[in-house]
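Inspection log for the structure reproduced underneath, given as structure tokens.
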Amino acid sequence: MSVPARPGRWRAGVALAVAVVLASTACQRPPGPAPTPRPAPPSPGASPAPADFVLLSEVDPTIATDIRYATAHNFVGRPVDGYPEPLCLLTRPAAEALRRVQSAARAQGHSLRVYDCYRPQRAVAHFVRWGADTADQRTKAEFYPRVPKERLFADGYLGAPTAHSRGSTVDLTLEPLATPPRASHDPGRPLTACTAPADRRFADGSVDMGTGFDCFDPLAHTDDRRVTGAARQHRQLLKRLMAQGGFVNYDREWWHYRYADEPYPQTYFDFPVAVASLPPR
């Protein structure tokens, strides 16, 4: 979900600019101003995951998973390449840290709900194609209702590379311990803006965070002053819990957290999100 040409021959420059501008979704940069765009690192191919990648459900089965990119309910509008299974894969250090965050959250009457974890580079390539097709506006009404699609990079909602491909970054929220009924995605129903009041947005059982997940809008910035009351308290609680667990928030997305001591800070993986990608146990 956000983050994150140069002089040369005209055609080569345009091609590079398009690839860099659209190379992944939100959740791609560390906190702070948008850095200078740069090409994504070369893909290492579809080799199996390193031995220290794990299923989050095996580390802590109490953490709910709602892997949107394995479904049609995301800003692309269809299952994303590289997500054959709706799973959360993480490096073991990040998964263990998230388990500790879950313990602290449950002590305060909440539980974690994860939307995305490790993201293969082939998924980023899918986002490139989607972003380049400005005629495809099918999900605009929900995910970027107030921002033109061609502005998503310039405004900091798309960029490259993505920390998710390093295996220690998560998109997540909070939900009550007693989770209320969750709505099922119905592609036939009219879309509701991610910026709408909580009682009108898609009801996934999570607490009110002021916007929906993957909302490409300034209202999704973690400390946006227009978000008040319970939604602001929920954002602050999630940030405090995650910071205590060793995670760093990306300030333009309340849901995005990177494990500070990630074991692969310079490596971007491309194996699919599937049990078969993990080493034999």
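Just so it is clear, the model here is predicted, and its values are computed rather than measured.
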Give me the atom names and distance for the closest heavy-atom approach of [X] to [Y].
X	Y	result
V101	G245	CG2-CA, 3.8 Å
A64	E175	CB-OE2, 3.7 Å
R122	G82	CD-CA, 3.5 Å
V114	C88	CG1-SG, 4.1 Å
F271	P120	O-CB, 3.3 Å
W130	D136	CD1-OD2, 3.6 Å

Can you tell me how far apart [atom1] ([X]) and [atom2] ([Y]) are? Round to the nearest 0.5 Å.
X	Y	atom1	atom2	answer
C215	H221	SG	NE2	10.0 Å
L152	Y157	CG	OH	8.5 Å
H234	H110	NE2	NE2	4.5 Å
D66	T71	CG	OG1	7.5 Å
W255	L238	CH2	CG	12.0 Å
S168	L90	OG	CG	7.0 Å

[Y] backbone acceptor or donor facing [X] side chain under 3.5 Å:
X	Y	value
R78	A72	no
Q102	T62	yes
H164	Y118	no

Would you call [X] and [Y] a side-chain contact if the rule is heavy atoms closer than 4.5 Å?
X	Y	answer
L56	R99	no
P176	V207	yes
H73	E142	yes
H256	T222	no
E262	P93	no
Y69	V76	no
R129	D81	yes
T91	Y259	no

If we check salt bridge (Lys or Arg N to Asp or Glu O under 4.0 Å) with D223, which of these qualifies: R235, K239, R252, R232? R232

If Ile, Leu, Val, Met, Phe, Trp and Tyr residues are connected whenever their side-chain heavy atoms lie under 4.5 Å apart, and connections chain through other members, are [X] and [Y] in the same group?
X	Y	result
L237	L98	yes
F75	L191	no
L112	L87	yes
L219	F202	no
V273	V54	no

Using a strict threshold of under 4.0 Å (side-chain N to carboxylate O), is an ion pair present between R106 and D60?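 Answer for the salt bridge query: no.
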
Flag the pair D171 and R119 as a salt bridge only when some basic side-chain nitrogen lies within less than 4.0 angstrom of an acidic carboxylate oxygen. yes

Evaluation steps, side chain to side chain contact (heavy atoms under 4.5 Å, CB included), between F213 and R68: CA-CA 10 Å; F213 165 61; R68 298 285 181 86; 4.1 Å; yes

side-chain hydrogen bond (donor to acceptor under 3.5 Å, both in side chains) assessment of Y83 paired with D116: CA-CA 10 Å; Y83 286 83; D116 193 34; 2.8 Å; yes

Quick one about Y268 and R166 (side-chain donor to acceptor, distance below 3.5 Å, no hydrogens or angles considered), yes or no? yes

Answer with yes or no whether the side chains of T211 and T195 bring together a donor and an acceptor at under 3.5 Å. no

Aromatic plane relationship, F269 with F53 - under 30° parallel, 30 to 60° tilted, over 60° perpendicular: perpendicular

Under the side chain to side chain contact (heavy atoms under 4.5 Å, CB included) criterion, do C117 and L89 qualify, and how do the steps go? CA-CA 6 Å; C117 301; L89 307 185; 5.7 Å; no

Residues Q137, K149; criterion side chain to side chain contact (heavy atoms under 4.5 Å, CB included); working and verdict: CA-CA 8 Å; Q137 301 281 336; K149 188 173 184 180; 3.6 Å; yes

From CA spacing to verdict: side-chain hydrogen bond (donor to acceptor under 3.5 Å, both in side chains), D204, Y115: CA-CA 11 Å; D204 65 0; Y115 295 120; 2.5 Å; yes

Candidate pair R201 and D208, rule side chain to side chain contact (heavy atoms under 4.5 Å, CB included), full reasoning: CA-CA 10 Å; R201 296 195 304 266; D208 181 15; 2.8 Å; yes

Is the count of non-hydrogen atoms from other residues, nucleotides or ligands lying under 6.0 Å from R92 atom CZ greater than 12? no

Sole residue of D217, D155, T139 in side-chain contact (heavy atoms from CB on, under 4.5 Å) with Y144: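 Of the listed residues D217, D155, T139, the side-chain contact (heavy atoms from CB on, under 4.5 Å) partner of Y144 is T139.
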
